[in-house]
Amino acid sequence: MEGTPQRESSVTSEQLADIDDEELLNKMLDNAADFEERRLIRAALRELLKKKREKREQERASRQELLSKGAGGKGIGLAAKLPTDQHPATKNRPTSSMTAGCKAGSVPASQKSPPCTAPNAKNVKQMLLDWCKAKTEPYEGVDIHNFSSSWKDGIAFCALVHRFFPDAFEYSILNPNEPRENFQLAFSAAERLAGCPPLLDPEDLVRMKEPDWKCVYTYIQEFYRCLVEKGLVKTKKRA
């Protein structure tokens, strides 16, 4: 009896190298049929993010040089800042209720059936952590191994949001030394694009040595739920 022939990958590294659309690569990654195909797409996505970062750094250096020559150094700081539409206003953001809910480890009322209603909540927590790892794998500067210290500079939140909304902001220019800005950027984009309520407060997070894992876990559950509602994440139903 003849053995089952191995399925060849439908794409090659050369074909993937010609794709400069993050959203398209993300969709291809979600629909990849086998390990080899997923490996090639992840590598292409990493390379694309790297190229974008290098291009952004080159453009920033060129702007700074032109500004310093043409205006005696005036406005140099502006070249390094994110566009104003990437930093939504925060003055109307509620903080006290979010802080209280976070310290109490409470789940928002809108989350009537969170993932932890599964028979083994510990397994669900690990599954959600593994999901975060898989979705942020192509992103440099992100190494998720828990729901606390792995999120302290805000980069992991930004990577997770950017994975589903690549046009929301330019990931390659984010600075891990600016956690407050990173938190605000990620939470604002998640609220605007996914409908995820801002359960965490950037000011509280930056005051902590590392985030409370219950707060981060609750927020990620809610973000996941919002993605499922929008059809951006497919859940597997087993008999």
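FYI, side chains are in, hydrogens and waters are out, and symmetry mates aren't considered; it's all heavy atoms of this structure.
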**OP:** List the steps and the verdict of side chain to side chain contact (heavy atoms under 4.5 Å, CB included) for Y171 and V142.
**Re:** CA-CA 12 Å; Y171 177 84; V142 180; 3.3 Å; yes

Original post:
Can you tell me how far CD of E137 sits from NZ of K135, rounded to the nearest 0.5 angstrom?
Top reply: 11.0 Å

Subject >> Taking every non-hydrogen atom, the tightest pair across F183 and G154 >> reply: CE2-CA, 3.4 Å

Original post:
Can you list the steps and then say if E229 with R225 is a salt bridge (Lys or Arg N to Asp or Glu O under 4.0 Å)?
Top reply: CA-CA 6 Å; E229 284 190 349; R225 184 189 66 81; 2.6 Å; yes

Subject >> Smallest separation among heavy atoms of C226 and C196, with atom names >> reply: SG-CA, 3.6 Å

**OP:** List the steps, then state whether side-chain hydrogen bond (donor to acceptor under 3.5 Å, both in side chains) holds for E178 with N182.
**Re:** CA-CA 6 Å; E178 297 178 348; N182 297 334; over 6 Å; no

**OP:** Check the pair L200, T218 against side chain to side chain contact (heavy atoms under 4.5 Å, CB included), reporting the backbone distance first and the verdict last.
**Re:** CA-CA 9 Å; L200 301 178; T218 298; over 6 Å; no

Original post:
How long is the span from the NZ atom in K214 to the OH atom in Y217, to the nearest 0.5 Å?
Top reply: 12.5 Å

Original post:
Are L232 and V228 in one and the same hydrophobic cluster, where Ile, Leu, Val, Met, Phe, Trp and Tyr link if side-chain heavy atoms are under 4.5 Å apart?
Top reply: yes

Original post:
Which atom names give the shortest non-hydrogen contact between C158 and L174, and what distance separates them?
Top reply: CB-CD1, 3.5 Å

Subject >> Donor-acceptor pair, side chain of S150 and main chain of H145, under 3.5 angstrom >> reply: yes

Subject >> Nearest-0.5 Å distance that lies between atom CD in Q221 and atom CG in L199 >> reply: 10.5 Å

Original post:
Does a side-chain heavy-atom distance below 4.5 Å link L160 with W151?
Top reply: yes

Original post:
For atom NZ of K152, is the number of surrounding heavy atoms from other residues, nucleotides or ligands below 6.0 Å larger than 12?
Top reply: no

Original post:
With a 4.5 Å heavy-atom cut-off, do F147 and L128 have their side chains touching?
Top reply: yes

Subject >> Check: H162 side chain, E170 main-chain N or O, donor-acceptor pair, under 3.5 Å >> reply: no

Subject >> M28 side chain reached by I19 side chain, heavy atoms, under 4.5 Å >> reply: yes

**OP:** Over all heavy atoms of both residues, which pair between V216 and P211 is shortest? Give the atoms and the distance, please.
**Re:** CG2-CB, 3.6 Å

Original post:
Do I220 and C132 have side chains that get closer than 4.5 Å, going by heavy atoms?
Top reply: yes

Original post:
Just by modelled atom types, is the S149 backbone N or O under 3.5 Å from a matching donor or acceptor in the N146 side chain?
Top reply: yes

Original post:
Do the side chains of P197 and E191 get nearer than 4.5 Å, heavy atoms only?
Top reply: no

Subject >> Within one Ile-Leu-Val-Met-Phe-Trp-Tyr cluster: L24 and I41, side-chain cutoff 4.5 Å >> reply: yes

Original post:
Hey, is the main chain of R163 close enough, under 3.5 Å, to the side chain of Y139 for a donor-acceptor pair?
Top reply: yes

Original post:
Does the ring centre of F157 sit less than 6.0 Å away from the ring centre of F223?
Top reply: no

Subject >> Heavy-atom side-chain contact between L205 and F187 under 4.5 Å >> reply: yes

Original post:
Aromatic ring centroids of W131 and F164 under 6.0 Å?
Top reply: yes

Original post:
Which heavy atom in P202 sits nearest to a heavy atom in R180, and how many Å separate them?
Top reply: CB-O, 4.1 Å

**OP:** Would you indicate whether the side-chain heavy atoms of L227 and F165 approach each other to under 4.5 Å?
**Re:** yes

Subject >> Closest contact, heavy atoms only, L193 versus A168 >> reply: CD1-CB, 3.5 Å

Original post:
Does the S172 side chain pair with the main chain of L49, one donor and one acceptor, at a distance under 3.5 Å?
Top reply: no

